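One structure is given below, encoded as structure tokens.
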Amino acid sequence: IRMGVEQNAVGAPVAYHFLTSHPGDNVWLSGLTRKKYRRVPASNIIHFYERLRPGQSRGEPPAASVINSIKMLDGYREAEVVNRRIAASTMGFFENDMPSSEGLQPLSDVSGDEGRGEELFFDLEPGTFKDLPAGKRFSKFDPGGSVTDYADFESQIKKDVSTGLGISVVALGMEYQDLSFSTHRGVIQEDRDHYKAFQGFLIDAVMDEVFMRWLPLNAVFSDVVPPTRIDAILSSFVFRPRGWEWVDPSKDIKAEIAAIEANVTSYSRSAARRGIDRDELFAEIASDKKALESYGLTAGGENDNSSASKGSGNA
């Protein structure tokens with residue numbers, strides 16, 4: 001059993017062992033109780049992860065490589081907040097000046113706590129000044145430190161985190177400074193390619209498997225899908241993930257039309273990139289055209305009634 005995964009001699013998963021309770025639960029009784037696991041056969045589990053090496057039994061979260069950087073940023077933010085709160089508060093210490101020769105004799109006759117006097121505390125309010133007692137002077141407390149490099153430090157940490165996650169710092173931290181439209185457009189396209197690759201991985205590793213197991217059970221317990229159609233559906237179903245709108249609509253649509261006319265892409269691919277099914281798109285277009293015709297309208301905004309009225313006026 002490696003990290004909760006029971007394997008056979010060739011490394012194939014046989015079963016998965018799940019804790020029945022979280023290790024942090026029942027803190028006071030953790031020393032008296034024994035951790036119990038539930039063994040579930042591998043045939044009942046869909047375990048998906050990106051395999052990076054042979055013999056790997058479990059995956060790792062996408063953010064595993066950037067946890068340290070995130071903790072550093074969190075700690076730095078906390079330190080900056082504390083430092084600025086201290087700097088915004090007027091704090092200091094009261095110090096006794098060295099007494100003159102005339103004042104040494106009275107001080108020598110006082111011993112113990114009697115010579116310490118009362119501790120001084122001031123309740124400060126904005127715009128007020130107060131006199132100090134004789135022989136006292138005030139030393140201001142300065143925590144020091146510079147806050148001018150905070151933005152640079154946070155920006156660098158965000159770059160490290162975004163690199164580890166495989167996305168741009170624009171998508172992670174909304175860093176749009178000093179970015180032209182063309183650069184921003186290219187960065188967005190790269191981010192979308194990354195998201196599409198993850199969508200494909202999720203569909204292939206999880207959604208297809210879940211649907212193939214769910215459909216036969218749904219056909220048994222409901223009459224939505226006839227049992228005779230199960231094989232046809234399983235051989236032709238397609239998951240269509242969400243798409244994105246055009247970055248530059250005018251130029252992108254013209255380029256898409258030119259690509260379709262040049263036969264380097266298709267209507268199906270063009271619709272799929274936006275998360276739209278081709279047949280549903282064509283059905284909606286046909287339905288809209290019928291509705292326009294029933295009202296005597298055209299797609300360009302002109303209608304037959306306006307043309308007829310113009311003709312009768314000229315006659």
Side-chain angles (χ1 to χ4, degrees), residues 50 62 158-159 162-163 165-212 215 225 229 232-314:
E50 185 180 5
K158 287 182 178 179
K159 292 178 181 178
S162 61
T163 302
L165 295 178
I167 59 177
S168 68
V169 70
V170 176
L172 176 69
M174 309 298 289
E175 300 285 345
Y176 294 103
Q177 297 86 349
D178 302 327
L179 279 183
S180 62
F181 177 78
S182 58
T183 304
H184 186 200
R185 172 190 171 95
V187 170
I188 290 180
Q189 293 292 350
E190 292 181 359
D191 286 337
R192 291 180 178 180
D193 290 340
H194 174 75
Y195 301 146
K196 290 175 182 178
F198 183 76
Q199 286 177 339
F201 168 73
L202 188 63
I203 291 173
D204 295 338
V206 184
M207 304 304 297
D208 288 348
E209 183 70 21
V210 171
F211 183 77
M212 295 179 68
L215 184 63
V225 178
R229 297 290 299 167
I233 294 175
L234 291 179
S235 62
S236 61
F237 75 93
V238 176
F239 275 100
R240 189 75 64 194
R242 62 148 291 183
W244 289 268
E245 296 295 332
W246 306 109
V247 180
D248 188 353
S250 177
K251 295 181 180 179
D252 291 340
I253 291 176
K254 291 180 180 179
E256 196 74 15
I257 293 174
I260 293 175
E261 293 177 350
N263 294 325
V264 296
T265 188
S266 63
Y267 289 104
S268 300
R269 290 180 178 270
S270 178
R273 275 194 286 267
R274 304 184 66 184
I276 303 173
D277 183 75
R278 180 204 61 185
D279 295 338
E280 293 180 359
L281 176 62
F282 288 167
E284 290 180 4
I285 294 174
S287 177
D288 290 344
K289 288 182 178 181
K290 290 181 179 180
L292 288 170
E293 292 174 358
S294 64
Y295 287 98
L297 302 175
T298 60
E302 299 180 356
N303 55 73
D304 297 339
N305 295 332
S306 60
S307 300
S309 61
K310 290 179 180 179
S312 60
N314 294 332

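Starting from 1, each residue takes its place in the sequence as its number. Source: prediction; values computed, not measured. Hydrogens, waters and symmetry mates are skipped; everything else that's a heavy atom, side chains included, is used.
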Next on the checklist: Just to verify, what does R274 make a salt bridge (Lys or Arg N to Asp or Glu O under 4.0 Å) with, not counting sequence neighbours?
Outcome noted: E245
Next on the checklist: Suppose the criterion is salt bridge (charged side-chain N to carboxylate O under 4.0 Å, His left out): which pairs have a residue in residues 277-292, not counting sequence neighbours?
Outcome noted: R240-D277
Checklist entry - Taking atom CZ of R229 as the centre, does the number of heavy atoms from other residues, nucleotides or ligands within less than 6.0 Å exceed 12? => result no
Checklist outcome for this item: T183 meets the side chain to side chain donor-acceptor pair (under 3.5 Å) criterion, sequence neighbours left out, with S180
Checklist entry - Between L234 and F211, is any pair of side-chain heavy atoms under 4.5 Å apart? => result yes
Checklist entry - What is the distance from atom CG of L172 to atom NZ of K159, rounded to the nearest 0.5 Å? => result 12.5 Å
Checklist outcome for this item: ring-ring contact (aromatic ring centres under 6.0 Å, His included) filter on H194, not counting sequence neighbours, yields none
Checklist outcome for this item: Taking every heavy atom of S294 against every heavy atom of A291, the minimum-distance pair comes out as OG-O, 2.6 Å
Next on the checklist: Rounded to the nearest 0.5 Å, what separates atom CD1 in I167 from atom OH in Y195?
Outcome noted: 4.5 Å
Using a 3.5 Å cut-off and no angle test, enumerate the donor-acceptor pairs between side-chain atoms of residues 253-261 and protein atoms at least two apart in sequence or in another chain.
unit_1, atom_1, unit_2, atom_2, d
E256, OE2, S270, OG, 3.0
E256, OE2, R273, NH2, 2.5

Item to check | P241: side-chain contact (heavy atoms from CB on, under 4.5 Å) partners, not counting sequence neighbours | outcome: Q199, I203
Item to check | Inter- and intrachain pairs under salt bridge (charged side-chain N to carboxylate O under 4.0 Å, His left out), touching residues 186-211, at least two apart | outcome: E209-R213
Item to check | All ring-ring contact (aromatic ring centres under 6.0 Å, His included) counterparts of Y267, not counting sequence neighbours | outcome: F282
Next on the checklist: How about CD on E50, more than 12 heavy atoms from neighbouring residues, nucleotides or ligands closer than 6.0 Å, or not?
Outcome noted: no
Item to check | With sequence neighbours excluded, residues passing side-chain contact (heavy atoms from CB on, under 4.5 Å) with A283 | outcome: none
Next on the checklist: Among residues at least two apart in sequence or on other chains, which ones pass side-chain contact (heavy atoms from CB on, under 4.5 Å) with L281?
Outcome noted: A271, I276, I285
Checklist entry - Around F198, counting heavy atoms of other residues, nucleotides and ligands shown, do more than 12 lie under 6.0 Å from its CZ? => result no
Checklist entry - Rounded to the nearest 0.5 Å, how far does CD1 of I233 lie from CG of L215? => result 5.0 Å
